[in-house]
Amino acid sequence: MANPFRDLLRFERRVPPCAIVIFGANGDLTKRKLLPALYRLAYDRRLPASWAILGNSRTEMTDDAFRERMRDSVKHFLEDTPFDEDLWKQFAANLFYHPGDISDPAMYAGLDRRLKELGQTHQTAGNALFYLSTQPSYYQPVITALGQSGLARGEGWRRVVIEKPFGHDLASARELNRCLRGVFDEHDVYRIDHYLGKETVQNILAFRFGNGIFEPVWNRRYINNVQITAAESIGVEGRGGYYQESGALRDMIQNHLMQVMATIAMEPPAVFESETVRDERAKLLRSVRLMTQEQAPMHAVAGQYGAARIGSDDVPGFREEPGVAKDSQTDTYAAVELYVDNWRWAGVPFYIRSGKRLPKRVTDIAIQFNSAPLRLFNSDDGDGSGRPNLLIVRIQPEEGISIRFLSKSPGSGMRLRPVSMDFNYGTSFGERSPSAYETLLVDVLVGDATLYSRQDMVEASWTVVQPIIDDWNARKFDFPNYESGTWGPAAADEMLARNGHAWRVP
């Protein structure tokens, strides 16, 4: 059967024919992110000429029922793309569904038959991508079953995408990696971190290594400290039961923000290739100074939001959220102080924080430079002229980069005032940036793992946070310790104050 996309598509990078198998196809991630991203790729003509999507979940559904359900989801969750009925009809012709329980070996036999049929009707060349959009507890059973059923090997390539969390501690991460190694080669395993797919995070590499003026000052001689903030103004939004099992340290810092830190602080790769870039990220993560469980209280702060009145609304505390235990010890805020023991960064603190119910939604990186060695101008009048230079990389909600420096105010006398030079993605390029999932899906289909986490990177980041987890598990916190709508517990401010530093207010 001829594929209606064949004459429509053009390529930025040539994407090979393939079938995409989505386990958990009836779940939120598929509805909110994966199918809208794939539809947008079709809209931009970036999917291959021959392709098919085969969804799986326990819910009994026909192909047509699955298509109708996905149509509603795509139409609802498309953020900045028009929904085209004609395009959807062509797109939906490539959507299929195979119901079954992932614990049932017969389901995989049926899945194998469907893939072979799609190989004939949609010319997928035997290539298959298995996307695990399931609960994390199902990862290992699905991977094991793919190996036992023979689906992990075929005529073409076979790849697997795993959503975070990659384990819930160091031991479980190692066990998951052992399971993966027993079925797939490492170069066929793609651990997806949507933060690395964001345009601004990718632009860190271009900013650092494509410009000759920044790399010479990107070290301990010129940089005083680095702050990485990922703040959310919302609470757990009905996901209290899930969030209670993870917390801010596991959910954000261990994976997303440590990968951002590795991108900011890594050494230049010899060439810009997938493995050389990931080698440098891994090397940086292995260079992070490890603390003991006894040292953790000095370098890590846990917080949990309490009830407050924000504007005209009464906001519940975390323990009042549905599905959350009344004595929950889960951290909804986490801040850590890390050091990188290498020649570039020795002695420079990296402060990382993430929390819910903070004053605003923002994710950014603030690189504070050392003050001028000699202060020539009087700064005692509170005009801000004593503030150091800052380079701020904004990841969300507005992507861009700002540089703050001092300039003379108009008029007589030498009065200095901080000013900013701003680069904004939207206004500078005048075009839509692809979503993180669009970028990462194309990457896995073409076999580019640059923006994906590797086994050694995952285990290195867990190694860093494991002493903190052990310390927090052994303690009983007097939660809540910060009000909703504030910037977190006082202990986080005290942690920086010991070094003469303070959190920047985004």
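Computed from a prediction, not measured in an experiment: that's the story for all the values here. Residues: numbered from 1 along the sequence shown.
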State which residues pass salt bridge (Lys or Arg N to Asp or Glu O under 4.0 Å) with E175; sequence neighbours excluded, sorted by chain then number. R178

Is it true that atom CZ of R221 has more than 12 heavy atoms of other residues, nucleotides or ligands lying nearer than 6.0 Å? no

Between atom CD of Q259 and atom CG of L285, what is the distance when rounded to the nearest 0.5 Å? 5.5 Å

Testing the basics here: between M252 and A230, what is the closest heavy-atom pair and its distance to 0.1 Å? CE-CB, 3.7 Å

Does some side-chain heavy atom of Q396 sit less than 4.5 Å from a side-chain heavy atom of T200? no

What I'd like to find out is whether the side chain of L34 reaches to under 4.5 Å of the side chain of S133, using heavy atoms alone. yes

Y452 OH to H187 NE2 distance, which is reported to the nearest 0.5 Å: 15.0 Å

Have D169 and S172 got a donor and an acceptor in their side chains that come within less than 3.5 Å? yes

For the CD atom on E79, are there more than 12 heavy atoms of other groups (residues, nucleotides or ligands in this structure) within a distance under 6.0 Å? no

Looking at CD1 of I392 and CD1 of I367, how far apart are the two atoms once the value is rounded to the nearest 0.5 Å? 9.5 Å

Donor-acceptor pair between Y138 and Q140 side chains, under 3.5 angstrom: no

Looking just at side-chain N and O atoms, do T332 and Q304 make a donor-acceptor pair shorter than 3.5 Å? no

Just by distance, do the side chain of R498 and the backbone of M298 share a donor-acceptor pair under 3.5 Å? yes

Say whether, by atom type as modelled, one donor and one acceptor occur between the side chain of T330 and the main chain of Q244 under 3.5 angstrom. yes

Take atom CD in Q202; do more than 12 heavy atoms of anything else shown fall under 6.0 Å from it? yes

Heavy atoms of other groups near D478 CG, more than 12 under 6.0 Å: no

Quick check: does any side chain N or O of R220 sit under 3.5 Å from a backbone N or O of W343, one acting as donor and the other as acceptor? yes

If the condition is ring pair (Phe, Tyr, Trp, His ring centres under 6.0 Å), which residues does Y482 pass it with, not counting sequence neighbours? Y333

Hydrogens and angles aside, do Y131 and E163 bring a side-chain donor and acceptor to less than 3.5 Å of each other? yes

Regarding E438 and S435, is there a side-chain donor-to-acceptor distance under 3.5 Å anywhere? yes

Scan side-chain atoms only and decide if Y305 and E321 contain a donor-acceptor pair under the 3.5 Å cut-off. yes

Can you list everything that forms a salt bridge (Lys or Arg N to Asp or Glu O under 4.0 Å) with D341? Sequence neighbours excluded, please. R289

Tell me whether T276 contacts the main-chain N or O of V271 through its side chain, where contact means a donor paired with an acceptor under 3.5 Å. yes

Any side-chain donor near an acceptor of the partner, T81 and R40, under 3.5 Å: yes

Between E215 and N211, do the side chains contain an N or O donor and an N or O acceptor separated by less than 3.5 Å? no

Considering all heavy atoms, the nearest A474-Q293 contact: CB-NE2, 3.9 Å

Criterion salt bridge (charged side-chain N to carboxylate O under 4.0 Å, His left out) against R454, the qualifying member of E186, E275, E280: E275

Rounded to the nearest 0.5 Å, what separates atom CG in L47 from atom CG in L445? 7.5 Å

Please determine if E459 and R174 form a salt bridge, counting it only when a charged side-chain N lies under 4.0 Å from a carboxylate O. yes

Stepwise, does the side chain to side chain contact (heavy atoms under 4.5 Å, CB included) test hold for I469 with R250? CA-CA 9 Å; I469 293 172; R250 286 183 170 97; 3.3 Å; yes

Measuring only between side-chain heavy atoms, which start at C-beta, is S354 closer than 4.5 Å to L257? yes

Using the rule given for salt bridge (Lys or Arg N to Asp or Glu O under 4.0 Å), can you reason through E232 versus K356, listing the C-alpha separation, both sets of side-chain angles and the distance that settles it, and then say yes or no? CA-CA 5 Å; E232 295 184 73; K356 290 187 176 293; 3.0 Å; yes

Tell me whether the centres of the aromatic rings in W345 and F350 are closer together than 6.0 Å. yes

Side chain to side chain contact (heavy atoms under 4.5 Å, CB included), that's the test. Do V340 and L284 meet it? Break it down for me. CA-CA 7 Å; V340 178; L284 188 285; 3.6 Å; yes

Salt bridge flag under 4.0 Å for residues R394 and D422: yes

From I192 atom CD1 to K33 atom NZ, the distance as rounded to the nearest 0.5 Å: 11.0 Å

One thing to verify: whether K164 and D251 come together as a salt bridge, which I'm taking to mean a side-chain N less than 4.0 angstrom from a carboxylate O. yes

Of K198, R353, R504, which meets salt bridge (charged side-chain N to carboxylate O under 4.0 Å, His left out) against D364? R504

Hey, is NZ on K408 packed in by over 12 heavy atoms from elsewhere, all under 6.0 Å? yes

Closer than 4.0 angstrom, basic N to acidic O: yes or no for R475 and D471? yes

4.5 Å side-chain heavy-atom contact, L496 and Y351: yes

Beyond-backbone contact of W218 with R208, side-chain heavy atoms, under 4.5 angstrom: yes

Passes side chain to side chain contact (heavy atoms under 4.5 Å, CB included), Q329 versus R319? Steps please. CA-CA 9 Å; Q329 290 286 295; R319 292 178 175 182; 3.4 Å; yes

Can you see which heavy atom on G167 is nearest to which on L176, and at what distance? N-CD2, 4.1 Å

Backbone N or O of A248 within a donor-acceptor pair of the Y243 side chain at under 3.5 Å? yes

Would you name the heavy atoms of Q227 and A502 that are closest together and state the gap between them? NE2-O, 3.0 Å

Quick check: closest heavy atoms across A302 and P489, and the distance to 0.1 Å? O-CG, 4.1 Å

If you apply the rule side-chain hydrogen bond (donor to acceptor under 3.5 Å, both in side chains), what do you find for N499 with E337, and how did you get there? CA-CA 11 Å; N499 295 332; E337 174 189 7; 2.7 Å; yes

Separation between CZ of F166 and CD of Q455, rounded to the nearest 0.5 Å: 12.5 Å

Any heavy-atom pair between the side chains of I403 and N389 that's under 4.5 Å? no

Is a side-chain N or O of D448 found less than 3.5 angstrom from the main chain of T450, in a donor-acceptor match? yes

Trace of the side chain to side chain contact (heavy atoms under 4.5 Å, CB included) decision for V393 with I204: CA-CA 8 Å; V393 180; I204 292 170; 4.2 Å; yes

What is the minimum heavy-atom distance between R344 and A265, and which atoms define it? CD-O, 4.2 Å

Centroid-centroid distance, Y222 to F369, less than 6.0 Å: no

Regarding H501 and N224, do their side chains bring together a donor and an acceptor under 3.5 Å, going by distance alone? yes

